[in-house]
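Each chain gets a letter, A, B and so on, in the order the sequences are listed, and its residues count up from 1.
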Amino acid sequence: MPENTPYMVAAYIVAAAILVTYAVLLYRRTLKP
Amino acid sequence: MRLLKTGRWITGVGLALLAAVYVRALAFTPVERFQGPAQKIFYIHVPAAWSAMLAMGLVGIAGILFLLLKDPRFDRFGEASAEVGTAFSMVMLTTGPIWAKPIWGTWWTWDARLTLTLFLFLLFLGYLLLRGAVTDPGLRARYSAVLGICGLVLLPFIHLSVYFFRTLHPQPIVLKPSAPSLPGPMLVTLLFSFLVFTVLYVGFVTQRYALSLLREQAEPHA
(Lines give C-alpha, C1' and ligand atoms only; values in the text may rest on other atoms or scores of the structure.)
Protein backbone atom coordinates (compact mmCIF):
# COMPACT_ATOMS: atom_id res chain seq x y z
CA MET A 1 0.00 0.00 0.00
CA PRO A 2 2.61 2.60 -1.02
CA GLU A 3 -0.15 5.17 -1.61
CA ASN A 4 -0.32 5.80 2.12
CA THR A 5 3.32 6.95 2.30
CA PRO A 6 2.27 10.66 2.52
CA TYR A 7 0.38 9.89 5.74
CA MET A 8 3.52 8.36 7.23
CA VAL A 9 5.61 11.37 6.18
CA ALA A 10 3.01 13.81 7.54
CA ALA A 11 2.86 12.05 10.91
CA TYR A 12 6.66 12.04 11.28
CA ILE A 13 6.87 15.73 10.36
CA VAL A 14 4.06 16.71 12.75
CA ALA A 15 5.60 14.74 15.64
CA ALA A 16 9.05 16.27 15.09
CA ALA A 17 7.54 19.75 14.73
CA ILE A 18 5.67 19.49 18.05
CA LEU A 19 8.63 18.08 20.00
CA VAL A 20 11.26 20.41 18.53
CA THR A 21 8.99 23.45 18.94
CA TYR A 22 8.38 22.57 22.58
CA ALA A 23 12.13 22.04 23.12
CA VAL A 24 12.91 25.46 21.59
CA LEU A 25 10.14 27.23 23.54
CA LEU A 26 11.32 25.64 26.78
CA TYR A 27 14.91 26.65 26.04
CA ARG A 28 13.87 30.24 25.35
CA ARG A 29 11.73 30.41 28.50
CA THR A 30 14.67 29.24 30.63
CA LEU A 31 16.89 31.99 29.19
CA LYS A 32 14.63 34.67 30.75
CA PRO A 33 12.58 33.12 33.55
CA MET B 1 21.90 26.49 37.46
CA ARG B 2 23.18 22.93 37.33
CA LEU B 3 19.73 21.30 37.07
CA LEU B 4 18.85 23.45 34.07
CA LYS B 5 22.09 22.55 32.30
CA THR B 6 21.46 18.87 32.99
CA GLY B 7 17.93 19.17 31.56
CA ARG B 8 19.18 20.90 28.44
CA TRP B 9 21.86 18.27 27.97
CA ILE B 10 19.39 15.38 28.36
CA THR B 11 16.94 17.08 25.96
CA GLY B 12 19.72 17.56 23.39
CA VAL B 13 20.65 13.89 23.63
CA GLY B 14 16.95 12.98 23.39
CA LEU B 15 16.45 15.04 20.22
CA ALA B 16 19.56 13.52 18.63
CA LEU B 17 18.29 10.06 19.53
CA LEU B 18 14.87 10.99 18.10
CA ALA B 19 16.60 11.57 14.76
CA ALA B 20 18.14 8.11 15.14
CA VAL B 21 14.65 6.66 15.77
CA TYR B 22 13.46 8.27 12.54
CA VAL B 23 16.36 6.78 10.57
CA ARG B 24 15.91 3.37 12.17
CA ALA B 25 12.12 3.34 11.70
CA LEU B 26 12.05 4.70 8.16
CA ALA B 27 15.12 3.05 6.64
CA PHE B 28 15.96 -0.03 8.68
CA THR B 29 12.62 -1.43 9.82
CA PRO B 30 10.58 -3.65 7.48
CA VAL B 31 7.36 -2.39 5.95
CA GLU B 32 4.31 -4.17 7.35
CA ARG B 33 2.59 -6.37 4.77
CA PHE B 34 -1.04 -5.23 5.15
CA GLN B 35 -0.85 -1.59 6.25
CA GLY B 36 2.21 -0.57 4.23
CA PRO B 37 4.29 2.51 5.17
CA ALA B 38 1.49 4.04 7.29
CA GLN B 39 2.14 1.35 9.92
CA LYS B 40 5.46 3.06 10.68
CA ILE B 41 3.48 5.82 12.43
CA PHE B 42 3.25 3.17 15.17
CA TYR B 43 6.89 3.86 16.19
CA ILE B 44 6.10 7.45 17.19
CA HIS B 45 2.41 7.25 18.10
CA VAL B 46 2.74 4.49 20.73
CA PRO B 47 5.85 5.92 22.49
CA ALA B 48 4.19 9.37 22.55
CA ALA B 49 1.15 7.78 24.22
CA TRP B 50 3.51 6.04 26.66
CA SER B 51 5.20 9.33 27.57
CA ALA B 52 1.85 11.10 27.97
CA MET B 53 0.59 8.36 30.29
CA LEU B 54 3.89 8.28 32.18
CA ALA B 55 3.57 12.04 32.63
CA MET B 56 0.02 11.83 34.00
CA GLY B 57 0.92 8.85 36.21
CA LEU B 58 3.76 10.82 37.77
CA VAL B 59 1.56 13.93 38.15
CA GLY B 60 -0.85 11.76 40.15
CA ILE B 61 1.89 10.15 42.27
CA ALA B 62 3.42 13.58 42.92
CA GLY B 63 -0.07 14.76 43.93
CA ILE B 64 -0.43 11.93 46.46
CA LEU B 65 3.04 12.61 47.86
CA PHE B 66 2.32 16.33 48.08
CA LEU B 67 -0.90 15.76 50.03
CA LEU B 68 0.92 13.40 52.39
CA LEU B 69 4.20 15.27 52.89
CA LYS B 70 3.29 18.90 51.98
CA ASP B 71 6.62 19.16 50.19
CA PRO B 72 6.47 21.88 47.45
CA ARG B 73 8.95 19.94 45.32
CA PHE B 74 6.19 17.44 44.47
CA ASP B 75 3.87 20.27 43.41
CA ARG B 76 6.63 21.75 41.27
CA PHE B 77 7.28 18.35 39.71
CA GLY B 78 3.56 17.83 39.01
CA GLU B 79 3.39 21.15 37.20
CA ALA B 80 6.44 20.27 35.10
CA SER B 81 5.21 16.78 34.26
CA ALA B 82 1.73 18.04 33.29
CA GLU B 83 3.11 20.58 30.84
CA VAL B 84 5.43 18.03 29.24
CA GLY B 85 2.58 15.49 29.14
CA THR B 86 0.50 18.00 27.19
CA ALA B 87 3.17 18.13 24.48
CA PHE B 88 3.33 14.33 24.23
CA SER B 89 -0.48 14.12 24.21
CA MET B 90 -0.49 16.47 21.23
CA VAL B 91 1.89 14.13 19.39
CA MET B 92 -0.34 11.16 20.28
CA LEU B 93 -3.55 12.93 19.22
CA THR B 94 -2.17 14.18 15.91
CA THR B 95 -0.26 11.09 14.75
CA GLY B 96 -3.19 8.81 15.70
CA PRO B 97 -5.74 10.33 13.30
CA ILE B 98 -3.10 10.60 10.54
CA TRP B 99 -2.57 6.85 10.92
CA ALA B 100 -6.31 6.13 11.24
CA LYS B 101 -7.32 7.86 8.01
CA PRO B 102 -5.64 5.46 5.55
CA ILE B 103 -6.24 2.35 7.69
CA TRP B 104 -9.72 2.86 9.20
CA GLY B 105 -10.99 5.27 6.52
CA THR B 106 -11.73 7.98 9.09
CA TRP B 107 -9.68 10.53 11.01
CA TRP B 108 -11.58 10.05 14.25
CA THR B 109 -14.26 7.94 15.85
CA TRP B 110 -15.86 8.46 19.25
CA ASP B 111 -15.01 5.06 20.67
CA ALA B 112 -13.82 4.39 24.21
CA ARG B 113 -10.04 4.45 23.65
CA LEU B 114 -9.95 7.55 21.47
CA THR B 115 -12.41 9.47 23.63
CA LEU B 116 -10.50 8.61 26.82
CA THR B 117 -7.17 9.71 25.33
CA LEU B 118 -8.81 12.99 24.28
CA PHE B 119 -10.06 13.26 27.85
CA LEU B 120 -6.49 12.73 29.08
CA PHE B 121 -5.35 15.65 26.92
CA LEU B 122 -8.20 17.81 28.25
CA LEU B 123 -7.23 16.83 31.80
CA PHE B 124 -3.68 18.06 31.15
CA LEU B 125 -5.10 21.34 29.83
CA GLY B 126 -7.50 21.59 32.77
CA TYR B 127 -4.63 20.99 35.19
CA LEU B 128 -2.58 23.79 33.65
CA LEU B 129 -5.60 26.14 33.49
CA LEU B 130 -6.39 25.42 37.13
CA ARG B 131 -2.85 26.33 38.12
CA GLY B 132 -3.17 29.57 36.18
CA ALA B 133 -6.52 30.42 37.77
CA VAL B 134 -5.69 29.88 41.47
CA THR B 135 -3.37 32.54 42.86
CA ASP B 136 -2.86 31.22 46.39
CA PRO B 137 0.15 28.82 46.16
CA GLY B 138 -1.04 26.46 48.92
CA LEU B 139 -4.56 26.18 47.52
CA ARG B 140 -3.23 25.81 43.98
CA ALA B 141 -0.97 22.95 45.01
CA ARG B 142 -3.80 21.12 46.82
CA TYR B 143 -6.33 21.51 44.00
CA SER B 144 -3.72 20.47 41.44
CA ALA B 145 -2.78 17.41 43.48
CA VAL B 146 -6.42 16.25 43.56
CA LEU B 147 -6.84 16.75 39.80
CA GLY B 148 -3.56 14.91 39.19
CA ILE B 149 -4.81 11.96 41.24
CA CYS B 150 -8.00 11.91 39.10
CA GLY B 151 -5.73 11.67 36.04
CA LEU B 152 -3.80 8.79 37.61
CA VAL B 153 -7.08 6.92 38.20
CA LEU B 154 -7.98 7.40 34.53
CA LEU B 155 -4.85 5.65 33.21
CA PRO B 156 -5.87 1.99 33.79
CA PHE B 157 -9.21 2.69 32.11
CA ILE B 158 -7.41 4.06 29.05
CA HIS B 159 -5.12 1.04 28.82
CA LEU B 160 -7.89 -1.51 29.40
CA SER B 161 -10.60 0.30 27.38
CA VAL B 162 -9.77 -1.80 24.31
CA TYR B 163 -10.70 -4.93 26.31
CA PHE B 164 -13.83 -3.48 27.97
CA PHE B 165 -15.44 -1.89 24.91
CA ARG B 166 -15.81 -2.60 21.21
CA THR B 167 -13.35 -0.27 19.50
CA LEU B 168 -11.51 0.20 16.23
CA HIS B 169 -8.28 0.74 18.16
CA PRO B 170 -5.99 -2.33 18.27
CA GLN B 171 -5.35 -4.11 21.56
CA PRO B 172 -1.93 -3.78 23.24
CA ILE B 173 0.76 -5.78 21.47
CA VAL B 174 3.65 -5.14 23.88
CA LEU B 175 2.25 -4.07 27.27
CA LYS B 176 0.17 -7.20 27.87
CA PRO B 177 0.51 -10.36 29.99
CA SER B 178 1.71 -12.57 27.09
CA ALA B 179 4.85 -12.05 24.98
CA PRO B 180 4.90 -9.10 22.54
CA SER B 181 3.26 -10.06 19.22
CA LEU B 182 5.68 -8.15 17.01
CA PRO B 183 8.53 -9.40 14.78
CA GLY B 184 12.05 -8.86 16.19
CA PRO B 185 13.23 -5.86 14.10
CA MET B 186 9.92 -4.03 14.65
CA LEU B 187 10.06 -4.73 18.39
CA VAL B 188 13.64 -3.41 18.60
CA THR B 189 12.62 -0.18 16.84
CA LEU B 190 9.61 0.24 19.12
CA LEU B 191 11.63 -0.38 22.31
CA PHE B 192 14.32 2.03 21.11
CA SER B 193 11.63 4.65 20.48
CA PHE B 194 10.13 4.01 23.94
CA LEU B 195 13.58 4.65 25.43
CA VAL B 196 14.10 7.85 23.42
CA PHE B 197 10.68 9.27 24.27
CA THR B 198 11.39 8.53 27.93
CA VAL B 199 14.75 10.35 27.69
CA LEU B 200 12.95 13.31 26.09
CA TYR B 201 10.37 13.27 28.88
CA VAL B 202 13.14 13.33 31.52
CA GLY B 203 14.98 16.14 29.72
CA PHE B 204 11.85 18.28 29.30
CA VAL B 205 10.68 17.74 32.88
CA THR B 206 14.12 18.53 34.31
CA GLN B 207 14.22 21.81 32.38
CA ARG B 208 10.63 22.70 33.28
CA TYR B 209 11.27 21.93 36.96
CA ALA B 210 14.37 24.13 36.88
CA LEU B 211 12.31 26.90 35.26
CA SER B 212 9.82 26.78 38.16
CA LEU B 213 12.70 27.01 40.61
CA LEU B 214 14.16 30.01 38.79
CA ARG B 215 10.75 31.74 38.77
CA GLU B 216 10.31 31.11 42.50
CA GLN B 217 13.75 32.56 43.18
CA ALA B 218 12.85 35.62 41.10
CA GLU B 219 9.42 36.04 42.75
CA PRO B 220 9.45 34.15 46.08
CA HIS B 221 5.75 34.75 46.82
CA ALA B 222 4.35 33.97 43.36
Neighbour count above 12 (heavy atom, 6.0 Å) for [X] [atom1]:
X: Trp108(B); atom1: CH2; result: yes
X: Phe119(B); atom1: CZ; result: no
X: Phe192(B); atom1: CZ; result: yes

For [X] and [Y], which heavy atoms make the closest approach, and how far apart are they?
X: Thr95(B); Y: Ala15(A); answer: CG2-CB, 4.1 Å
X: Gln207(B); Y: Leu26(A); answer: CB-CD2, 3.7 Å
X: Pro37(B); Y: Asn4(A); answer: CD-OD1, 3.2 Å

What is the distance from atom [atom1] of [X] to atom [atom2] of [Y], rounded to the nearest 0.5 Å?
X: Leu211(B); Y: Tyr27(A); atom1: CG; atom2: OH; value: 13.5 Å
X: Leu31(A); Y: Leu4(B); atom1: CG; atom2: CG; value: 8.5 Å
X: Tyr7(A); Y: Ile103(B); atom1: OH; atom2: CD1; value: 10.0 Å

Anything under 30° is parallel, anything over 60° is perpendicular, the rest tilted; go ahead and classify Tyr22(B) against Tyr12(A).
-> perpendicular
Side chain, backbone, both or neither of [X] within contact of chain A (heavy atoms, under 4.5 Å):
X: Gln39(B); answer: neither
X: Arg8(B); answer: side chain
X: Phe197(B); answer: side chain
X: Ile41(B); answer: both
X: Val31(B); answer: neither

Side-chain contact, heavy-atom cut-off 4.5 Å: Arg215(B) with Arg29(A)?
->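 Contact flag for Arg215(B)/Arg29(A) side chains = yes.
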Does some side-chain heavy atom of Met1(B) sit less than 4.5 Å from a side-chain heavy atom of Thr30(A)?
-> no
Partner chain B: residue of Val14(A), Thr21(A), Leu19(A) with the largest heavy-atom pair count (under 4.5 Å) = Leu19(A)
